[in-house]
Structure formats: structure tokens, C-alpha cells
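To start, the structure under review is shown below, and the notes come after it.
Model, not experiment: these values are computed from the prediction.
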Amino acid sequence: MASPLSSSTVVSHRILSLHHPPLNRSLLFVKPKLPFSRTVSRDLRMRLHSETTNYGDKEHIPSSIDSKLNPLEGAGSKNLEKLVATILILAQVWSPLPLFGLDSAYISPAEAVLYSPDTKVPRSGELALRRAIPANPNMKTIQASLEDISYLLRIPQRKPYGTMESNVKKALKVAIDDKDSILASIPADLRDKGSELYASLVDGKGGLQALIESIRFQDPDKVSIRLASSLDTVAEMELLQASGLSFLLPQQYLNYPRLAGRGTVEITIEKADGSTFQAESGGDQRKSATIQVVIDGYSAPLTAGNFAKLVTSGAYDGAKLNTVNQAVITEDGSGKVESVSVPLEVMPSGQFEPLYRTPLSVQDGELPVLPLSVYGAVAMAHSENSEEYSSPYQFFFYLYDKRNSGLGGLSFDEGQFSVFGYTTAGRDILGQIKTGDIIKSAKLIEGQDRLILPAQNNSSST
């Protein structure tokens, strides 16, 4: 299957410049094993049972069946050895369980993480952005306990409300016991705001105490609403704690624009063929529609910073869009504006700083903090000159489709691009964009104070 962002899908120009070698598909798919006991052996037992039912004791069993049940009395010990060997071989081929330890190397632990339902790769931009905030460890413990409830709510029938209540109580205990540490992690000038959010998290209408009540009433709708409210409050507190980057940039990249935190970009898209956008809620049809993108400098400071700089300079105003397989991408406009190629920038999960000019090896279990496998993910295309650098101008919206993904629900291009944000409003508009539609305007409506522009940018395009 071709990569969903393959270079074969570009229009007349090299839209994504995807010249990296495709992932080894043989590592992404595991040959299914059918349980022997549920098919062949069951049919054999049923056939033998039907042939012997009406006979009673052993003397009345036909000789053909008698020989199957008593191989020592029929063909002798050699036939028994062959029968045992055959059964062992068939069991090893068809059984999903390891036999005598012979199957222990069938799939490596690193690959297995991709196929496990417990991988818990973020499936929404909001979740990915919340996990990317470098906040106080106590807040991260609260966040993890609450996020587990989101997965428990997906259980279709008997939901484990007892486990949910335990999770909230654990989060509440951390919030109360470590209050001083949590508030001390917030800068002094923001501590009053932090105290208000803390009170709301513990005792507010959408806080942890109210969430416990909803769980006890076993009302999944109220649990979902109050859980979302609690997680929003957690994210707000974490953003107060994360006042800047939690790592130092490499010396050679200090001349690039960078975003030391979060920013929000509002993009207005206009139909070029006279058609209209249909609102998801069934509202009025419009010739233009607005999308909001949250860009994340915590995990991709250079990429987000360069994008924010281009937005503030008006570089994308009037840019044409193209739709390709699973992506909406801007046309190449690098010649129209002053821009630089930023090195490929990907932060691996569990790490505290990004990797530069190095894609992740998903086959080996490496996963990014900001995954591509989310509908509405925003990333830079590759440079035409080198896969180790991003395009100085072109970005794309990724239209994730699980049907075109590998096992584990991961895109075949996961870890290969600099993802720097997610569409948080107007996701329904992305699928309605057609080739030729235009970005009427792009504005940085939040985060200007976190955009750092070096006095002299000595970086050169690659």
C-alpha cells in the first residue's frame, strides 16, 4: 500500500517532498493466527462423536474409528509418533499462544507496543496538546489519573465506575496533599489566577468533588462533561506553570525564530469556485470559513516559531491550497517571502527535548509527543533539498484516516514530519476544502509575546 503522503500523490510540484524511504511494511503487519482448537480440532471431535454415539461400548465401535482412537492397536507405535508430531506442528502454526517457548521471538517488544490497545496514542489534538505541556509532576499525575477515565468510559456496557471513582480520589488526594508544591510552581505574578483555578479544580461545579458525585450516580453523560471540565482546568493550571521552554536549544539553532510556549493562529479560507462551506451544526452556508490552530512551541519551538513569523508577516495571505491523499497543503510560495528551512524537529515521548534532523523509528517503538496520527494535525512539508529539513514555507493539514493506517492506528508517515500544532476549531471545514481554495488571511491572535525573533537571522535556506 502506498504511503498516504507519498510523493506519487503530489500535483505538478513536489508538494510534500517525501523522498524518505517508506517504512518496512512487513514490520507493520503481523500474519494473523487462527486458533486450531476452534476450527479443525472441533470439527474432528464432532465427527468422531457422531460416528460413535449409537454404539455404546468399545466392542461395537467400527474398526476405522477404533484405529483412530487407538493408534497403538492399529498402525503401531510409529503411527502414534507421526500423529503426535503432526498435532504439535499444527498447534504451533495455528495457535495464537506460544508453544514450549518457541514463539517468544515471534514479535519484538518494541513492535508489540504499536499493536497493543494500551498504547494510548492521543487521538485528539486537545489531548496531544495537554500531554505536551511541561508542567509540575503532581499535575501530570492528576492529569494521567483523569485521562484514564476517558478510556474507561469507552467500555460499551458495564462501565467500571468503581475504578473511575478510585482514579478521581487518587487525583483529589494528590491535589490536596501537594497543594503547596502545585501553587509554588506557578510564577508569582500568576499565582492569584492559579489559586482560583485550584479552587475550581477541587471544589468547583466542574471539579473533582462534583465528578465523584456523577460517577456515584453512574451517569456517563454527566461524568463525561465534568471530566472534560476538570481536564480543561488541569490544562489551564499547567500552562500557568509552563512559563517557557523546559530545555536549552542547541547553540547552532539560536538564530532561528522560536516560540517559547503556545500560540493560536486563526486561518480564514475562501472558496474559489463559488461554492460554499457547510457548517457542522447545520447553520448558514458561507463562502468563507475560519479555522483555529494551536501551535506548540513546547515541543517544536523552531518550527512553531518560524510558522508564527511567516503568519505575522502575511506570508500565507492569498496562498492557494491543494488537496492530496489525506492532506491539505499550501502551494510553494517560498520564493515570494523571506524564509528559512528549519531542521526537522520531533520530540520523542518520554524525552525532554526534541531531536533535530532525525526522524523517529516507529518500528522500534519510538512515538512523538505531537503525533501526526490525529485528524487536523498541522505539520511542515519536507524541504526539496533534504529530508533533514522542513520546507521554508509549505505546511499541511493532515486528514488522518484509520482505514489507511497501520496496526496500532498509526500513520505510515508517523515520526517523519515536524508536527507543530493541531486544528482545535473548524475541523469539519478541512474535509470540505478543495484544490484551488484560498487562505484569505492568517493571523496570530495569541502568543505574540512568546514569539522570539533574533535581531539578525544568519540561518540560510537549505
Side-chain angles (χ1 to χ4, degrees), residues 122 125-140 143 181-191 193-194 234-265 293-312 340-358 360 366-371 377-380 389-390 395 415 417-422 424 444-459:
E126 290 81 2
L127 177 54
L129 289 167
R130 188 167 59 238
R131 290 186 179 179
I133 305 171
N136 178 285
N138 295 320
M139 290 303 299
K140 286 301 180 184
Q143 177 183 322
S181 172
I182 290 172
L183 294 179
S185 299
I186 299 174
D189 58 327
L190 300 174
R191 203 158 292 162
K193 174 65 174 176
V234 167
E236 286 187 69
M237 292 188 66
E238 290 179 342
L239 287 172
L240 292 181
Q241 293 174 335
S243 57
L245 300 185
S246 59
F247 56 89
L248 297 176
L249 286 170
Q251 184 69 30
Q252 65 267 34
Y253 299 139
L254 292 180
N255 287 327
Y256 286 92
R258 58 188 181 275
L259 186 67
R262 290 275 165 86
T264 302
V265 175
V293 173
V294 173
I295 55 178
D296 182 42
Y298 295 126
S299 302
L302 301 185
T303 310
N306 188 59
F307 180 78
K309 173 181 177 292
L310 290 170
V311 167
T312 56
V340 296
S341 286
V342 175
L344 181 69
E345 184 177 41
V346 185
M347 181 179 286
S349 294
Q351 301 298 317
F352 299 99
E353 59 184 352
L355 293 177
Y356 290 99
R357 301 174 60 182
T358 305
L360 297 189
E366 293 182 333
L367 298 173
V369 171
L370 301 180
V378 185
M380 297 303 294
Y389 285 82
S390 294
F395 75 95
F417 291 90
S418 297
V419 178
F420 62 93
Y422 296 94
T424 56
L444 183 66
I445 62 174
E446 185 179 349
Q448 294 93 336
D449 57 327
R450 292 180 280 277
L451 176 59
I452 301 172
L453 300 175
Q456 290 185 342
N457 193 329
N458 298 323
S459 303

- Task: Looking only at non-hydrogen atoms, find the nearest pair between V419 and A379 and report the distance.
- Result: CA-CB, 3.8 Å
- By salt bridge (Lys or Arg N to Asp or Glu O under 4.0 Å), which residues pair with E238, not counting sequence neighbours? K140
- Message: How long is the straight-line distance from CG of L444 back to CG of L451, given to the nearest 0.5 Å?
- Response: 7.0 Å
- V265 versus I295: any side-chain heavy-atom pair under 4.5 Å? yes
- Which value, rounded to the nearest 0.5 Å, describes the distance between N138 atom CG and S185 atom OG? 7.5 Å
- Query: Does R262 use its side chain to pair, donor to acceptor, with the backbone of L129 at less than 3.5 Å?
  - Reply: yes
- Message: List the residues meeting side-chain hydrogen bond (donor to acceptor under 3.5 Å, both in side chains) with Q241, not counting sequence neighbours, and say none if there are none.
- Response: none
- Applying ring pair (Phe, Tyr, Trp, His ring centres under 6.0 Å) to F247 and not counting sequence neighbours gives none
- Task: Can you sort out the partners of R357 under salt bridge (Lys or Arg N to Asp or Glu O under 4.0 Å), two or more places apart, ordered by chain and number?
- Result: E388
- Go through the structure and list residues passing salt bridge (Lys or Arg N to Asp or Glu O under 4.0 Å) with K193, not counting sequence neighbours. none
- Task: Hey, can you tell me if F395 and F420 have their rings parallel, tilted or perpendicular (30° and 60° cut-offs)?
- Result: perpendicular
- Message: Please give me the minimum heavy-atom distance between S390 and S418, naming the atom from each residue.
- Response: OG-OG, 3.3 Å
- Query: Taking atom CG of L240 and atom CG of L183, what is their separation to the nearest 0.5 Å?
  - Reply: 10.5 Å
- Query: Side-chain contact, heavy-atom cut-off 4.5 Å: L127 with Y422?
  - Reply: no
- Query: What pair of heavy atoms forms the shortest contact from P257 to K309, and how long is it?
  - Reply: CG-CD, 3.5 Å
- Are any non-hydrogen side-chain atoms of P301 and L249 less than 4.5 angstrom apart? yes
- Message: Donor-acceptor pair, distance only, cut-off 3.5 Å: does the side chain of Y253 make one with the backbone of Y356?
- Response: no
- Message: How close do P371 and A377 get, counting heavy atoms only, and between which atoms?
- Response: O-CB, 4.1 Å
- Message: Could you work out, with side-chain hydrogen bond (donor to acceptor under 3.5 Å, both in side chains) as the rule, every residue matching R450, not counting sequence neighbours?
- Response: none
- Check: V369 main-chain N/O paired with R131 side-chain donor or acceptor under 3.5 Å: no
- Nearest 0.5 Å please: distance from the CG atom of L344 over to the CG atom of L355. 9.0 Å
- Item | Any M347 side-chain heavy atom under 4.5 Å of L370 side chain | no
- Is there a donor-acceptor pair closer than 3.5 Å between any side-chain N or O of T264 and the backbone N or O of I445? no
- Item | Under 3.5 Å: donor-acceptor pair, side chain of R258, backbone of I452 | no
- Using the side chain to side chain contact (heavy atoms under 4.5 Å, CB included) rule, take T358 and V346 through it: C-alpha gap first, then chi angles, then the decisive distance, then the call. CA-CA 8 Å; T358 305; V346 185; over 6 Å; no
- Message: Between E366 and P348, is there a side-chain heavy-atom distance shorter than 4.5 Å?
- Response: no
- Between M139 and V234, is a side chain to side chain contact (heavy atoms under 4.5 Å, CB included) present by the stated rule, with each step listed? CA-CA 7 Å; M139 290 303 299; V234 167; 3.9 Å; yes
- Task: Determine the minimum heavy-atom distance between S299 and E345, stating which atoms define it.
- Result: O-CG, 4.4 Å
- Between G447 and L259, the two heavy atoms sitting closest are O-CD1, 3.8 Å
- Item | Full working for side chain to side chain contact (heavy atoms under 4.5 Å, CB included) between N306 and L310 | CA-CA 6 Å; N306 188 59; L310 290 170; 3.9 Å; yes
- Query: Got a second to check how far I133's CD1 is from L239's CG, nearest 0.5 Å?
  - Reply: 4.0 Å
- Item | Distance in Å, L453 CG paired with Y256 OH, rounded so as to fall on 0.5 Å steps | 15.0 Å
- Message: Quick check: do M380 and V342 have side-chain heavy atoms less than 4.5 Å from each other?
- Response: no
